[in-house]
Amino acid sequence: MKKLTFLLFLMVQVSFANDMVWSKTGHRVVGDVAQEYLTRRARKAIDKLLHGQSLAAVANFGDEIKADRKYKEFSALHYVNFPADKDYKDVEPSKYGDLVTGINKCIEVIKDPTSSNEDKTFYLKFLVHLIGDLHQPMHVGRAEDRGGNDIQVQWFGRGSNLHRVWDSNMIDDYGMSYTELSDALPKLSKEEIKQMQAGTIYDWIEETQEITNKVYDSVEVGEKLGYQYGYKWWGTVENQLLKGGIRLAAVLNDIFK
Ligand code: ADE
Ligand code: ZN
Ligand code: ZN
């Protein structure tokens, strides 16, 4: 009986550990793209705060601190859930905070001249991570299935769920490193960049939610997913990574202007 309890405990731990982690590679691509679009001024300020580390190198910080209970209060800030037919602003915000309040908090602390450099560094790393999460459709999800975590599907014959397919299965199985992936993304014209950077965090949430709704419609519970699913959605994955990077640069350029 004790053994069984321990086994169950382990299974729960493993399933929690797999929750909510937009592939390490995906977050790094977002950081790597953003690095290319920083103004000189922003790059200098960021270099100082990150002690020369790249945005890609710190992009997974937000997930790494989940292992430390000290940062428990940050765990709800990786996602936002609200009904498919509602706008974020029409819904009572979560008392635990969400992706929007998380991003706003980061920006506020970094901009505040009274913040310590240590705090600015912490929130800068966290911001790089959260702008990535904002572009993972399942992180702008629905509460009833915890952003697709409870929608079980198969990925190439193995158990997975819709959240994980979008967090990591598609990106990891594509088999490219983060630099290969970011190099493979299209180079945009100044006008295209400007268009992509337009709008607010709220507009970007609504835009992601439109994709989220299509992603929810893209599978049946228990469906066997593989090449066809990846082929159909890969363009969307790439576009979300590109948008994440270009918009992260916009947010950072604005903070350090
Ligand atoms: N837990 C609850 N909702 C979630 C979501 N949308 N993404 C990740 N983890 C969650
Ligand atoms: Zn996730
Ligand atoms: Zn995250």
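Indexing begins at 1, ligand by ligand and atom by atom, following the structure's order.
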Under 6.0 Å between ring centres: does that hold for His78 and His139? no
Got a donor-acceptor contact below 3.5 angstrom from the Asn253 side chain to the Thr39 backbone? yes
Taking only heavy atoms of Gly147, which atoms of ligand 1 are found under 4.0 Å from at least one of them? 3 (N), 5 (C), 6 (N)
Out of Trp166, Phe82, Tyr79, the nearest non-hydrogen contact to atom 4 (C) of ligand 1 is supplied by Tyr79
Between Asn239 and Thr236, does any side-chain donor sit less than 3.5 Å from a side-chain acceptor? no
Scanning both residues in full, the closest heavy-atom pair of Ser115 with Val109 reads OG-O, 2.7 Å
Is the Zn ion (ligand 3) under 2.8 Å from any N, O or S atom of His27? no
The atom name of the N, O or S atom in Asp133 nearest to the Zn ion (ligand 3) is OD2
Does the ring centre of Tyr71 sit less than 6.0 Å away from the ring centre of Phe122? yes
Does ligand 1 come near enough to His139 that some N or O of the ligand is less than 3.5 Å from an N or O of the residue? no
Fit a plane to each ring of Trp204 and His135, take the angle between them on a 0 to 90° scale, and name the class: parallel (under 30°), tilted (30 to 60°) or perpendicular (over 60°). tilted
Checking distances from the Zn ion (ligand 2), one finds that the N, O or S atom of Asp167 closest to it is OD2
What angle, in degrees and rounded to 10°, do you get at the Zn ion (ligand 2) when you join it to NE2 of His163 and to NE2 of His139? 100°
Say whether Asp150 and His163, considering side chains only, have a donor N or O and an acceptor N or O under 3.5 Å apart. no
So, Arg164 and Asp167, do they make that salt bridge, N to O below 4.0 Å? no
Examine ligand 1 and decide if any of its atoms is less than 4.0 Å from a heavy atom belonging to His163. yes
If the cut-off is 4.0 Å to any non-hydrogen atom of Met138, which atoms of ligand 1 fall inside it? 5 (C), 6 (N), 7 (N)
If you measure from each non-hydrogen atom of Val140 to ligand 1, which part falls under 4.0 Å: side chain, backbone, both or neither? neither
At a 4.0 Å threshold, what atoms of ligand 1 neighbour a non-hydrogen atom of Asn81? 2 (C), 3 (N), 4 (C), 5 (C), 6 (N)
I'd like to know if Glu64 pairs up with Lys125 as an ion pair, taking the criterion as any Lys NZ or Arg NE/NH1/NH2 lying under 4.0 Å from an Asp or Glu carboxylate oxygen. no
Could you tell me, atom by atom, which parts of ligand 1 come under 4.0 Å of a heavy atom of Asn149? 8 (C), 9 (N), 10 (C)
So does His78 have any N/O/S atom less than 2.8 Å away from the Zn ion (ligand 2)? no
